[in-house]
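Just so you know, these numbers use all the heavy atoms, side chains as well, and skip hydrogens, waters and symmetry mates. Whatever order the structure lists ligands and atoms in, that order sets their numbers, starting from 1.
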Amino acid sequence: MRSLDDLLAEGVSGRRVLVRADLNVPLDKSPRAITDDGRIRASLPTLQALRDAGARVIVAAHLGRPKGAPDPQYSLAPVAARLGELLGADVPLAADVAGDDARAKAAALGDGDVLLLENVRFEAAETSEDDAERGELADRLAALADAYVDDAFGAVHRRHASVYDVALRLPHVAGRLVATELDVLTRLTTDPDRPYVVVLGGSKVSDKLAVIEALLPKVDRLLVGGGMCFTFLAAQGSGVGRSLLEADQVDTCRRLLAEAGDRIVLPVDVVCAPEFSAEAETTTVPVDQIPEGQMGLDVGPRTVEAFGRELGGARTVFWNGPMGVFELAPFQAGTRGVAEAVAAVDGLSVVGGGDSAAAVRRLGLDEAAYGHISTGGGASLEYLEGRELPGLAVLAGRGEA
Ligand code: ADP
Ligand code: MG
């Protein structure tokens, strides 16, 4: 896989370079304001290096899940403004993805300038399963530039036009962010320092069963919190009240518990409430005493202590998924406690997942205390599952037209 430095060594001054970045940031609805600019900041090293080398930089990115047509609610306008502030340069936004306005604005770029294309998912072809449809969009994107840099780690698990097909059409390299993410994931998968402890949370157990299966043989401990712990607790025979429960996964969880022995560690207490609300009256109970009508919305303090003990001895830690509904103040303490314990790890600590990374920042924790905060949730989980990711395969020359 060629690197950004390889491209820079060829000389990029005056050349148009297409960069696929991951600028998929969370936004408030109205006014549309960016609530966490972490992904924009993570894209800066590659963009800045290209600008410094005199490249004419064209950035492609997606935002949210528009339905394959322009939709002002998903415009990248706020992202262009924030990117411009962070780069200290004007970043114009093309009115289309790879149409007349994109071509005109790309042609008008000077050395070191940056142009942002409108949300690539405004074109239905971006995510199409039809190779020819994606290929047509990829042709138009490729025509804008003469080299391609993939820096969108959060999208490398997608076989999308701007991630996969365009790389088949232009000389391609991995950007700085993709290189850093890969470096860290390689350290997690090849001979990690032990004990190796993984903490999983978040909402859906079905999203994470594949990664649990893949990691179980490799880890010393797998700590499970968040909404997904209730399916495991149910598998253990606990009543879980109205907590999140995926009934069709209970048998799988029971089998995993049997296989894992003491390697899977479940919560011992939970914070419950009758409703999903910041004003709800909460009670903290042992896991086998969740009241009928209540939901478990966070792990309790004894769980934080127990998880903290496991993390305290670890040398390698991967954490994905909040321990509770951290968006609401009464259910933040579990995520905060685990985040603090992960930050204190003496060794490599990696946070993966959009919501987990956002939680670290929203709870005001020091990002520098972590070895790495991954920008890619799905991408890092699929990598850890051992799957081949299309966006990486194509960079490594294993793509097929
Ligand atoms: P990530 O993006 O880090 O991979 P997920 O998307 O899997 O994480 O899950 C994040 C969501 O899980 C958060 O919005 C959080 O509110 C929710 N969540 C965590 N614990 C619970 C719970 N006990 N009940 C319901 N939802 C939960
Ligand atoms: Mg998420």
A.B. asks: Indicate whether any N or O donor in one side chain lies under 3.5 Å from an N or O acceptor in the other, for E181 and S380.
C.D. replies: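 Not at all, the side chains of E181 and S380 share no donor-acceptor pair under 3.5 Å.
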A.B. asks: Any non-hydrogen atom of F331 lying under 4.0 Å from ligand 1?
C.D. replies: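 No; F331 lies far enough from ligand 1 that no heavy-atom distance drops under 4.0 Å.
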A.B. asks: Students should be able to answer this: which protein heavy-atom is nearest to atom 19 (C) of ligand 1, and at what distance?
C.D. replies: G324 O, 3.2 Å
A.B. asks: Ignoring angles and geometry beyond distance, decide whether F326 reaches within less than 3.5 Å of ligand 1 through its nitrogen or oxygen atoms.
C.D. replies: no
A.B. asks: Specify the closest pair of heavy atoms between V166 and A142, including all atoms of both residues, with the distance to one decimal.
C.D. replies: CG2-N, 3.9 Å
A.B. asks: Does any non-hydrogen side-chain atom of T303 lie less than 4.5 Å from one of V270?
C.D. replies: no
A.B. asks: Is there a side-chain contact between V345 and V197, using heavy atoms and a 4.5 Å cut-off?
C.D. replies: no
A.B. asks: In this structure, does ligand 1 have an atom that sits under 4.0 Å from one of the heavy atoms of G226?
C.D. replies: yes
A.B. asks: Starting from the C-alpha separation in whole Å, work towards a yes-or-no answer on side chain to side chain donor-acceptor pair (under 3.5 Å) for S206 and E246.
C.D. replies: CA-CA 8 Å; S206 48; E246 288 180 73; 2.6 Å; yes
A.B. asks: Does the distance from a Lys or Arg side-chain N to an Asp or Glu carboxylate O, for D165 and R159, drop under 4.0 Å?
C.D. replies: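 Result for this pair is no, no salt bridge flagged.
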A.B. asks: Nearest to atom 17 (C) of ligand 1, what protein heavy atom do you find, and at what distance?
C.D. replies: S203 CB, 4.1 Å
A.B. asks: Considering only heavy atoms, does L244 approach ligand 1 within less than 4.0 Å through its side chain, its backbone, both, or neither?
C.D. replies: side chain
A.B. asks: Any atoms of ligand 1 less than 4.0 Å from a non-hydrogen atom of V325? List them with their elements.
C.D. replies: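 That gives atoms 16 (O), 19 (C), 20 (N), 21 (C), 22 (C), 24 (N), 25 (C), 26 (N), 27 (C) of ligand 1.
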A.B. asks: Output the list of atoms in ligand 1 that are nearer than 4.0 Å to some heavy atom of F230, sorted by atom number.
C.D. replies: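 Once the distances to F230 are compared, the set is 23 (N).
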A.B. asks: Tell me which protein heavy atom sits closest to atom 10 (C) of ligand 1, plus the residue, atom name and distance to 0.1 Å.
C.D. replies: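 Heavy-atom neighbour on the protein nearest atom 10 (C) of ligand 1: D355 OD2, 3.6 Å.
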A.B. asks: Output the list of atoms in ligand 1 that are nearer than 4.0 Å to some heavy atom of G321, sorted by atom number.
C.D. replies: 3 (O), 8 (O)
A.B. asks: Give the numbers and elements of all ligand 1 atoms closer than 4.0 Å to a heavy atom of K208.
C.D. replies: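 In order of number, 4 (O), 5 (P), 7 (O), 8 (O).
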A.B. asks: Heavy-atom contacts with G296 under 4.0 Å: which atoms of ligand 1 show up? List them by number with element.
C.D. replies: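 Reading through ligand 1 atom by atom, the close ones are 22 (C), 23 (N), 24 (N).
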A.B. asks: So which bit of E327 gets within less than 4.0 Å of ligand 1, heavy atoms only: side chain, backbone, both or neither?
C.D. replies: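 Just the side chain.
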A.B. asks: Is M295 in contact with ligand 1, taking contact as a heavy-atom separation below 4.0 Å?
C.D. replies: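 No; M295 lies far enough from ligand 1 that no heavy-atom distance drops under 4.0 Å.
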A.B. asks: Need the ligand 1 atom indices (1-based, order shown) with element for anything under 4.0 Å from a heavy-atom of P322.
C.D. replies: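 Every atom of ligand 1 under 4.0 Å from some heavy atom of P322: 3 (O), 8 (O), 10 (C), 19 (C).
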A.B. asks: If you compare all heavy atoms of A235 against all heavy atoms of L257, which two are closest, and at what distance to 0.1 Å?
C.D. replies: CB-CD1, 4.2 Å
A.B. asks: Could you go step by step and tell me if R20 and S162 meet the side chain to side chain donor-acceptor pair (under 3.5 Å) rule?
C.D. replies: CA-CA 7 Å; R20 177 58 162 96; S162 69; 2.6 Å; yes
A.B. asks: Heavy-atom distances under 4.0 Å decide this one: backbone, side chain, both or neither, for N320 against ligand 1?
C.D. replies: side chain
A.B. asks: Heavy-atom distance under 4.5 Å between the side chains of V350 and R187, does that happen here?
C.D. replies: no
A.B. asks: For the Mg ion (ligand 2), what is the closest N, O or S atom on D355?
C.D. replies: OD2
A.B. asks: Please determine, by modelled atom types, if T46 and D151 share a side-chain donor-acceptor pair under 3.5 angstrom.
C.D. replies: yes
